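What you see is a predicted model, and the numbers here were worked out from it, not measured in a lab.
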Amino acid sequence: MEEIELLAPAKNLASGIVAIDHGADAVYIGAQRFGARVAAGNSVDDITELCSYAHQFGAKVYVTVNTIVYDEELEGVKTLLGELRDVGVDAVLVQDMGLIALSDEHQILHASTQTDNRTVEKVRWLRDQGFRRVVLARELSLDEIREIHKAVPDVELEVFVHGALCVSYSGVCYASEYCFGRSANRGECAQFCRMKFDLVDVDGRVVERGRHLLSLKDLCQIDRLEELLDAGAVSLKIEGRLKDASYVKNVTAAYSQRLNEIIARHPDKYRRASFGHCSYTFEPNLKKTFNRGFTHYFLDGRKPDIFSPDTPKAIGEYVGKVKELRGHSFNVAGTAAFANGDGLCFLNDRRELEGFRVNRAEGNRLFPLKMPTSLRPGMSLYRNNDVAFERLMSGKTAERKIDVEMTLESISQGFRLSMSMKDAPERPTVSIDRPMELQIAQKPQQENIVRQLTKLGSTPYECARVSFVPDSFNYFIPSSVLSEMRRELVEKTIRGWGGMMVERQHRPDENIAVDWGRVGASYTQRPYLYNVANQKAREFYEARGLRDVAPAFELTEKRHQPLIMQCRHCLRYSLGYCTKNRAKNQSPPSWREPLYLRLSDGRRFRLEFDCKACQMNVYG
């Protein structure tokens, strides 16, 4: 039976706890340094507390140490890795191969998506280096995931299922560093891909003016989870370590409920990787939290309409069309209910996103705080801030409990109280003994005993049944003693079921021959793509036969027209001029290549359409 993991983001300790409460089987969180989201750092003390909370439910905590590391930082990283190991972190996500030498056999390593994991050869190589799990590139199709799983079945495959999409393959995007001196591989991405560009041809002719040509919609695979599981994915990852708790609650709950539906249909095939059931005070709705519109991306191969050229901002849920404007108000044709304070938006005649706040709502007639001058009848209206929903999400919205059964039995010197997990019989039964004199009760005691033992309150447990041995159990036990026994048993159970399982990490065999022409096929002409930023990483690659190990892009002089992005997103395709799928009667484009992306300050970036690899390269 396959254990399936829903992996949720944690910006901080509070977000990590609500992710667990809302159904996550694991969370990933950044430490104070060396994470690919520099704005989402957390102390080791907070990570320790998160581990304690998550492990009660058999859930795991992964820490991102997935930036490239400079030589002067190696000692600090080594210290951090040791601290994370000691406090019970279940795995560490890394990009920099130099970190393998800094970790020990009791530290489980996962290969971050920043290691650019898009081929069978790369995943097999990472397996040989000791990685138990690989986070696949977001761009892969179902067939590609299935092929990787079939070829390397002993590697856990983690796939993104929801959230923001990077337009470049992760780990090989240098646009932010090249343009602004802020390295994405160091957690400081300036979001070059969300900027506005002109698209111009070699003669300077403007093909597209002032559009967000590299900005992608957000990923949403909630209706494709079963196919991903069948293809070999075991960890389904929600993106969003910069998102607030409301986002984490809503998205985690939505995906957890869908996973439970799948498992209910296939109880002999799949099971959740953690324990407990969640009860919610709200109905999850993915459209009500931050999104740029949704896409399946490349799950079914190359498809149109994956990008959002009009705006990189959140659009939210469609709520209807503008029907009639009247003075300082207008009404909406649709069935949505509105509230004072709602945030609404629309695309104006210039295809620019405009937003406004609803000052007063009277049914479907809305009175904006300031009437938008660009609003027209017939325009589609979206809500990107639902006041009623956010108010609901600001309170307690879920509770997670583990169903347990208790057994109270008489023994020669007193009583034994035991607890077992109802839905996980493989977890050991936990017991405590209480020496005391056995006194036959004058009246039945079982009802009071059940009442006292099942007062589990704020503990992670919910007792469905108390059994007695023998069945005719009728000994007197003071309620105060029952309370003490219950409290002692809960504490022992949390320690027993919530403790870290010490596993050994497979260490690489440096004698395994490496075909670098296949493992790093796209890196041959540009060895800086290996992202070697320190001596440990250099030694790692040299020991495995890689010749001419080059320093990382961040450590080199900015060369002339370097490759700064590799994208599966292709503008030639998106504009309807793919040379591989051109219709016979389709007229050729009016532009002359090469094409360039041009920023408002005049800087240009040449586009190369690599049809053999079916990707678009962007050059500085």
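- With sequence neighbours excluded, the residues satisfying side chain to side chain contact (heavy atoms under 4.5 Å, CB included) with N12 are A14, S15, N42.
- The side-chain hydrogen bond (donor to acceptor under 3.5 Å, both in side chains) check on D548 picks up nothing, with sequence neighbours excluded.
- Stacking of R118 on the aromatic ring of Y169 is recorded, both the 6.0 Å distance cut-off and the 45° axial limit being met.
- The existence of a salt bridge linking R211 and E208 is confirmed by a sub-4.0 Å separation between a basic side-chain nitrogen and an acidic carboxylate oxygen.
- Proximity of a side-chain donor or acceptor of S215 to a complementary backbone N or O of H212 within less than 3.5 Å is not detected.
- In this structure the side chain of V27 reaches within 4.5 angstrom of the side chain of I20, judged on heavy atoms.
- Checked for salt-bridge contact, E121 and R124 miss the test: no charged N lies under 4.0 Å from a carboxylate O.
- One finds no salt bridge joining R265 and E261 here, because no Lys/Arg side-chain nitrogen approaches an Asp/Glu carboxylate oxygen to under 4.0 Å.
- Between E139 and R568 there is no salt bridge, since no side-chain nitrogen of the basic residue lies less than 4.0 Å from a carboxylate oxygen of the acidic one.
- Separating the CG atom in L213 from the OG atom in S574 is a distance of 9.0 Å, to the nearest 0.5 Å.
- The side chain to side chain contact (heavy atoms under 4.5 Å, CB included) search around P562 returns Y178, Y528, F553, R559, I564, not counting sequence neighbours.
- The neighbour count for Q525 CD, taken as heavy atoms of other residues, nucleotides or ligands under 6.0 Å away, does not exceed 12.
- Checked for salt-bridge contact, K122 and D116 miss the test: no charged N lies under 4.0 Å from a carboxylate O.
- With a 4.5 Å cut-off on side-chain heavy atoms, R272 and L259 count as touching.
- For the pair R606 and Y619, the cation-pi criterion (under 6.0 Å, within 45° of the ring axis) is fulfilled.
- Residues D104 and R85 are paired through a salt bridge, judged by an N-O separation under 4.0 Å between the basic side chain and the carboxylate.
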Criterion salt bridge (Lys or Arg N to Asp or Glu O under 4.0 Å) on R224 and E227, from CA distance to verdict: CA-CA 5 Å; R224 310 297 297 276; E227 294 167 271; 2.5 Å; yes
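- Ion pairing between a basic and an acidic side chain is recognised when a charged N comes within 4.0 Å of a carboxylate O; R133 and E5 show such pairing.
- With sequence neighbours excluded, the residues satisfying ring-ring contact (aromatic ring centres under 6.0 Å, His included) with F307 are H569.
- Figure legend: R182 and F192 shown without cation-pi pairing, the cationic atom not lying both under 6.0 angstrom from the six-membered ring centre and within 45 degrees of its axis.
- Remark: R544 is positioned above the aromatic ring of F540, its terminal NZ or CZ atom under 6.0 angstrom from the ring centre and at most 45 degrees off the axis.
- Remark: K237 is positioned above the aromatic ring of Y28, its terminal NZ or CZ atom under 6.0 angstrom from the ring centre and at most 45 degrees off the axis.
- For the pair E593 and R572, the salt-bridge criterion is met [side-chain N within less than 4.0 Å of a carboxylate O].
- In summary, the side chains of E608 and N617 do present a donor paired with an acceptor at a separation below 3.5 Å, with no hydrogens or angles considered.
- Residues that satisfy the side-chain hydrogen bond (donor to acceptor under 3.5 Å, both in side chains) test with R604, not counting sequence neighbours, are absent from this structure.
- The neighbour count for K536 NZ, taken as heavy atoms of other residues, nucleotides or ligands under 6.0 Å away, does not exceed 12.
- For the pairing with V161, the side chain to side chain contact (heavy atoms under 4.5 Å, CB included) check across L236, L7, I222 returns one residue only, L236.
- Heavy-atom minimum distance, S256 versus H22: CB-O, 3.8 Å.
- Counting only distance, with no hydrogens or angles, the side chain of D25 and the backbone of S274 share a donor-acceptor pair below 3.5 Å.
- Taking a cutoff of 4.0 Å between a charged side-chain nitrogen and a carboxylate oxygen, R146 and D230 do not qualify as a salt bridge.
- For Y573, there are no ring-ring contact (aromatic ring centres under 6.0 Å, His included) partners at least two apart in sequence or on another chain.
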